[in-house]
Amino acid sequence: MEYAARERIPVTPRGAGTGLSGGCVPAAGGIVVSTERLNRIIDIDPADLIAVVEPGVITASLHSASEALGLFYPPDPGSCAFCTLGGNIAENAGGLRGLKYGVTRDYVMALDVVLPDGRTFQAGSRTRKNVTGYDMARLFTGSEGTLGFITGAVLKLIVLPEAKAGFLAAFDTLEAASEAVLAIIKSGITPSTLEIMDSVTLKAVASFSGRNDLDYGALLLIEVDGHEEDVARQSGKLLDALKNSGAKELRQARDAAEQEEIWTARRSALTALARISPSVILEDATVPRKEMTSMVRAIRSVAGKYGLLIGTFGHAGDGNLHPTIITDLRIEENKNKVKAAVGEIFEAALSLGGTLSGEHGIGIMKSSYMESELGAAGVEAMRAVKDAFDPQGIMNPGKIFV
Amino acid sequence: MSNLTNYSDEIFKCIRCGACRAVCPTFGEELSEISVARGRMALIEAVMGGELALTDAFEKAVFNCAMCGACKAGCPSGVDVPAVIEAARAELVDKKRSEGLVRFLARKSLKDKKSLDRAFSLMALGRAAYGPLAATPLAKYLPYQYEDFRRNFPKIPRKPLSSRIPPVSRIRGAKGTVLFYAGCVINYVYPEIGVAAVKVLNHAGYDVVFVKEELCCGKPLLSLGETEAFRSVAEKNVALLSGVEADYIVSACPTCSLTLKEDYNTILPDSDKAAALGAKVRDINEFLLHETDFITRLDAAEMVITYHDPCHLAHGMGVKKEPRELLDAATLGGLVEMNEASRCCGFGGSFSFLNYELSGRIAGRKVKNIVKTGAPAVVTACPGCMMHLSDALRQSGADVVAFHTLQIYEKAIKK
């Protein structure tokens with residue numbers, strides 16, 4: 001970094017290159033620094049309940065290493081089998097367990113940071129409580145590599161829940177499914193995952209995997225976890241809430257194999273959609289939970305308006321939807337349609353009190369929409385933070401800000 | 001398989017998600033984007049778009065792929081990566097005139113039966129002489145310098161399978177006839193597996209026909225980008241095997257099965273015979289479980305084993321359950337799963353000759369997973385994997401023996 005600062009060469013940090021907003025693309029050229037080989041889990045401490053890691057560790061490796069010790073690192077972005085923790089931290093990645101367990105930022109305790117001028121410091125500490133000045137670990141989490149380079153992290157772990165139960169509930173309409181989501185939350189339980197799939201997605205999955213049991217308006221996939229007795233209690237409440245919300249079909253997994261079967265449908269959602277046409281644009285506009293129905297309606301009307309195929313699935317529990325546009329971008333006309341459709345989806349999310357991005361980040365994909373969410377003052381404030389750390393503008397230029 | 005431009009749609013399907021990184025054996029060792037499907041697709045696309053020339057570095061990136069197909073099996077967009085890589089290799093042969101010892105030998109020796117016989121006799125001699133020679137100052141004149149003299153090739157027996165079994169092995173009251181296609185490794189290196197196959201198939205109630213004149217399936221040629229040589233072998237095999245009356249064509253080498261089943265169709269799209277042949281092809285494990293009641297005819301004995309999925313069987317043909325079910329029955333529940341059972345062993349045919357060092361590192365990871373199970377035997381359904389695993393296990397000093405599934409089934413046949 002010292003060299004880059006002296007020579008004013010742009011530096012772009014890169015993990016596995018699996019992000020969905022272009023964070024690791026060297027937009028202004030310069031040096032790409034890969035964390036690929038900084039891939040050691042240095043320590044998992046069952047007393048302090050922390051993991052000390054290098055940024056290139058694959059997220060799923062931390063999952064299996066901590067679970068082997070009865071510990072749990074909850075953030076599980078869809079790409080956890082091949083993305084890195086450093087990238088997760090830089091993008092503040094979410095995942096399926098966000099509703100109950102939060103996102104990456106909720107597990108970052110400390111970061112080793114290299115500043116754009118080459119000096120280093122540790123932001124945060126190994127302690128749960130730390131109010132020594134600004135919360136710099138949080139500031140760097142989700143900074144998309146624009147403030148400095150993350151070379152190490154102390155991550156919070158929790159105790160692995162001893163039991164879990166999986167459910168599938170089918171509904172005639174997406175509206176009914178969305179209402180059921182609210183009913184579940186109001187019943188006083190917090191599922192560890194609460195996923196939704198719309199009819200477009202279900203049709204794609206059905207034809208992809210040759211299933212004939214997915215002909216519904218929408219599907220909810222739910223998992224609750226905790227102590228044995230607690231899981232039983234939650235399951236009871238959940239089943240009541242689903243029945244009262246008019247679920248057409250209700251299935252509880254009796255064993256691990258059935259649990260797996262339930263989740264196969266959700267896991268193959270993106271695959272199934274991707275097989276329809278060669279280009280896939282996966283968005284992550286997010287709205288408050290109770291606005292989800294309105295958001296889904298807005299997405300549908302955008303799809304109709306531009307004649308685009310949009311499958312919607314996602315983390316219903318936290319209003320984080322993934323409208324997925326299936327098209328062929330080799331056709332020029334489609335490019336314009338997609339651009340306009342994405343703009344209108346963002347507009348709808350913002351008008352419902354939501355945000356441009358729930359978990360993918362801004363990167364180069366959404367930077368032009370920043371002001372519509374933050375206003376000029378908001379963008380300027382963020383810009384000031386950026387300039388304070390990186391006056392030369394060499395850290396991942398072209399990201400977040402236009 | 002031929003013109004690279006035919007694959008532009010296939011490459012465009014790659015959305016660069018990176019899912020292949022989790023399963024790619026070469027990436028697992030190299031941790032470099034040019035050693036994984038996503039990077040290779042990007043490079044090939046750049047060559048097609050004229051942004052990149054057919055450089056030596058490009059050639060290396062395209063040839064250090066083991067062609068295991070794990071990326072294709074796990075690809076959200078279903079990109080047929082091995083087909084694209086084969087096409088890129090063919091392009092290199094075509095336009096860059098790539099040549100090398102492995103390629104030269106493959107072309108010369110796999111083209112007909114006589115050359116094949118001669119090549120393996122020479123190999124038997126070479127194998128006997130190689131070790132002693134490698135210890136002398138003459139070592140520097142030996143081919144495969146880069147192979148590392150530690151590599152353990154199995155001894156090549158004097159009598160290949162074709163001189164050990166009759167053209168037809170009949171039983172009383174047979175339910176049908178299968179054509180057993182041995183392939184080179186079983187025919188010349190492990191004829192005992194072929195002998196076991198005939199016994200097992202007879203025991204399962206089928207007459208077995210064996211065509212002595214069978215040629216190499218040609219996969220090494222296809223993998224090396226030698227399209228024309230492959231086409232010629234495919235034509236000869238199709239003519240030869242189609243002439244035999246059999247209900248099924250069964251092979252104990254998944255690479256051969258996959259080639260007969262799919263690649264002959266692709267290279268000979270207008271041949272009805274190739275299509276009919278492909279439709280009859282079964283891996284021997286799937287055949288035994290689905291088409292016969294072999295599993296009920298076992299006289300099983302307790303034995304602890306672990307199972308390694310051959311890439312072309314698991315990723316190429318989707319056959320994972322069948323060998324496990326049969327093995328578990330044949331060992332009275334003795335099957336212990338290893339971690340990453342379906343991760344490549346590093347063999348990859350010509351890959352291991354061109355990239356022995358990398359291939360050895362991939363095998364090292366496999367050996368660790370095998371040893372961790374504590375099983376004294378690793379069983380696999382491919383003679384190539386068996387050869388490579390035996391080499392790696394021996395070099396690591398692990399006290400584990402590699403077997404083919406047929407050798408386990410043979411032991412469990414009621415006397």
Side-chain angles (χ1 to χ4, degrees), chain A residues 14-20 22 24-25 32 34-40 54 56-61 63-65 68 77-84 87 204-205 207-209 257 267-282 324-331 334 360, chain B residues 5-43 45 48-49 70-81 84 318 320-321 324 337-340 342-343 361 365 368-369 372:
Chain A
R14 178 187 158 101
T18 58
L20 291 165
C24 69
V25 176
V32 175
S34 167
T35 61
E36 206 102 66
R37 287 165 200 225
L38 290 171
N39 60 356
R40 287 176 309 157
E54 293 183 338
V57 172
I58 302 297
T59 310
S61 310
H63 287 153
S64 51
S79 53
C80 64
F82 44 97
C83 62
T84 64
V205 172
S207 82
F208 170 65
S209 43
R267 283 203 202 100
S268 53
L270 184 60
T271 302
L273 288 167
R275 301 278 168 119
I276 298 174
S277 222
S279 309
V280 180
I281 297 98
L282 182 69
T324 304
I325 307 176
I326 307 301
T327 184
D328 187 343
L329 287 179
R330 285 171 298 187
I331 300 164
N334 288 343
H360 296 169
Chain B
T5 48
N6 293 342
Y7 288 85
S8 67
D9 285 357
E10 204 57 39
I11 297 174
F12 188 73
K13 283 200 302 199
C14 171
I15 57 169
R16 307 284 195 259
C17 68
C20 42
R21 292 162 72 101
V23 293
C24 174
T26 55
F27 178 75
E29 300 305 320
E30 306 281 75
L31 294 179
S32 158
E33 196 70 42
I34 58 168
S35 296
V36 69
R38 180 174 69 173
R40 292 179 181 125
M41 290 302 102
L43 289 175
E45 196 171 27
M48 288 169 65
C71 48
K72 178 188 174 187
C75 177
S77 308
V79 178
D80 190 350
V81 179
V84 175
K320 292 179 176 180
K321 278 192 327 228
R324 286 182 165 82
E337 285 292 334
M338 69 171 100
N339 281 334
E340 305 181 325
S342 63
R343 205 176 169 97
R361 276 188 282 144
R365 177 163 172 165
K368 269 189 204 149
N369 282 324
K372 227 167 143 189

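A, B, ... follow the sequence lines: proteins, then strands. Residue 1 opens every chain. Hydrogens, waters and symmetry mates are skipped; everything else that's a heavy atom, side chains included, is used. No experiment lies behind these values; they were computed from the predicted model shown.
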Heavy-atom closest contact (Asp328(A) atom, Phe12(B) atom, distance)
OD1-CE2, 3.7 Å

Could you report the tightest heavy-atom contact between Leu31(B) and Glu36(A), atom names first, then the distance?
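Residues Leu31(B) and Glu36(A), closest heavy atoms: O-CG, 3.6 Å.
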
Look up atom NZ in Lys13(B) and atom OG in Ser277(A), then write down how far apart they are to the nearest 0.5 Å.
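Between atom NZ of Lys13(B) and atom OG of Ser277(A) there are 11.0 Å.
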
Go through Gly78(B), Ser77(B), Ala19(B) and name the one with the most non-hydrogen pairs under 4.5 angstrom from chain A.
Ala19(B)

Give, as side chain, backbone, both or neither, the part of Glu10(B) having an atom under 4.5 angstrom from any heavy atom of chain A.
neither

What part of Arg38(B) gets closer than 4.5 Å to chain A, counting heavy atoms only: side chain, backbone, both or neither?
side chain

Is it the case that more than 12 heavy atoms not belonging to Arg40(A) sit under 6.0 Å from its CZ atom?
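At most 12 heavy atoms, drawn from other residues, nucleotides or ligands, come within 6.0 Å of this atom.
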
Chain B contact via Arg14(A) - side chain, backbone, both or neither, heavy atoms under 4.5 Å
side chain

Contact class of Thr18(A) relative to chain B, heavy atoms under 4.5 angstrom
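Both parts, heavy atoms under 4.5 Å.
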
Does any non-hydrogen side-chain atom of Leu282(A) lie less than 4.5 Å from one of Ile15(B)?
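Not touching, per the 4.5 Å side-chain cut-off.
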
Could you tell me whether the side chain of Cys20(B) reaches within less than 4.5 Å of the side chain of Phe82(A), counting heavy atoms only?
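With C-beta onward as the side chain, the pair stays apart.
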
